[in-house]
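One-based numbering, in listed order, for ligands and for the atoms of each.
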Amino acid sequence: MRLLIFSKALYSTWAFYAPDKVLFDAGEGVSTNMGNKVFAIKYIFLTHGHADHIAGLWGIVNTRDNAMGDKQKPLYIYYPKGNKGVEDFLGFIYRANPDLEYDLIAEGISKDNEIKVTEKGRNARFIVPFPTEHTLRERSLGYNLVERRTRLKNTFRGLSEDEIIKVIKEKGRDYINETYEKKLLSVSGDCLPIDVKYIQDTDILLHEATFLSAEDRKGESHSTLDEALKVAQKARVKKLILYHISSRYERDIRNTIARKTKAMNPSFDVLYVTPGRIFIF
Ligand SMILES: [Zn+2]
Ligand SMILES: [Zn+2]
């Protein structure tokens, strides 16, 4: 299991990426529905301060405090810097839980920050925020999970193994290798279509599609299915997971998505999170 997601627009949204113990958003019911995995969370990244994305925070903080077992590990919460809704709620959680048995560390971040989330024995991995457009009054962020990898420089790719070893002996390994960054996962949160430049070539794109049909959209704060598909196409993703879908579509969600996806004939897989059901990938 890599991803565990729950999402129903207006009610509750959260997505847990197990390999790096990262939870994106923390809607209502998250600690109940995650079961034992709630203790695995190490980092929480909030996209914005709406109740359907943060209401479950207090539950997580308490569940961890009351459970048996190792409580020494800190819990880190990152959120869009200056987001008043999140800061007010965190203030309340700190006041309501003055004697927590572990460190609860909350920090406002912006697009210039990157947070290292590497687990032992892996290439270095980071969460890198990018700006999104959701509501005018509030700051919101999307997040990339980026892995820093090493590869042979282009000029050495034609050499045999023996020749490469010879160069390494003479000049050192750094001479023949270069580092590059690979986006493994991108998460939109609530927003208008993500600016493609932030998520180019990501493996998995989790993009909101509150409205499966453009006629249903009121106001300019959420994306439609067509928009999410276009973003994924332009960004050349491998997999698109649609989430934050309005529950009004519950009845023919499968047909609607299949029809629009077929019309586009995309080069990537399209999956979706059924509103109100746990999604495991
Ligand atoms: Zn929402
Ligand atoms: Zn929202």
Side-chain angles (χ1 to χ4, degrees), residues 3-17 22-34 44-60 77-90 92 106 108-111 129-144 185-195 198-199 205-214 216-228 231 240-250 253 257 271-279:
L3 277 164
L4 190 67
I5 305 172
F6 180 93
S7 184
K8 180 171 168 171
L10 280 180
Y11 292 80
S12 172
T13 287
W14 51 267
F16 181 59
Y17 186 73
V22 176
L23 180 72
F24 297 98
D25 285 330
E28 176 213 325
V30 55
S31 45
T32 310
N33 286 303
M34 280 186 72
I44 301 175
F45 287 85
L46 303 172
T47 60
H48 66 298
H50 287 166
D52 57 321
H53 296 253
I54 67 169
L57 267 186
W58 194 23
I60 295 172
I77 301 174
Y78 298 96
Y79 61 93
K81 196 175 185 169
N83 186 303
K84 204 164 171 312
V86 175
E87 284 176 350
D88 285 349
F89 192 38
L90 284 171
F92 160 75
I109 56 172
S110 54
K111 73 172 184 10
F130 57 86
T132 56
E133 275 181 73
H134 182 30
T135 53
L136 284 175
R137 282 203 217 126
E138 205 201 4
R139 284 195 194 142
S140 55
L141 291 174
Y143 295 104
N144 281 319
L185 173 72
S186 304
V187 176
S188 72
D190 289 4
C191 60
L192 293 169
I194 298 177
D195 187 334
Y198 294 120
I199 53 159
L205 171 62
L206 189 54
H207 201 295
E208 78 124 283
T210 306
F211 303 108
L212 298 190
S213 167
D216 298 332
R217 171 151 72 185
K218 288 179 195 74
E220 288 287 312
S221 50
H222 292 286
S223 302
T224 64
L225 168 60
D226 284 331
E227 288 170 340
V231 169
L240 168 66
I241 303 175
L242 301 158
Y243 80 143
H244 205 272
I245 297 170
S246 166
S247 46
R248 79 185 76 183
Y249 303 111
E250 240 152 7
I253 187 166
I257 291 177
L271 307 171
Y272 61 91
V273 179
T274 305
R277 277 203 228 146
I278 302 268
F279 172 95

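His48 and His50 have perpendicular rings, their planes meeting at more than 60° on a 0 to 90° scale where under 30° would count as parallel. In this pair, His53 and His244 present their aromatic rings parallel. The plane angle is below 30°, not in the 30 to 60° band.
In this structure, His134 and Leu192 have side chains that are not in contact, with every pair of non-hydrogen atoms separated by 4.5 Å or more.
Salt-bridge check for Glu133 with Arg139: failed, with every basic side-chain N at 4.0 Å or more from each acidic carboxylate O.
Partner of Ile194 under the side-chain contact (heavy atoms from CB on, under 4.5 Å) criterion, chosen from Ser188, Pro131, Ser186, Ser223: Ser188.
In this structure a side-chain-to-backbone donor-acceptor pair under 3.5 Å is missing from Thr47 to Phe24.
Listed by chain and residue number, the protein N/O/S atoms under 2.8 Å of the Zn ion (ligand 2) are His48 NE2, His50 ND1, His134 NE2, Asp190 OD2, with waters left out.
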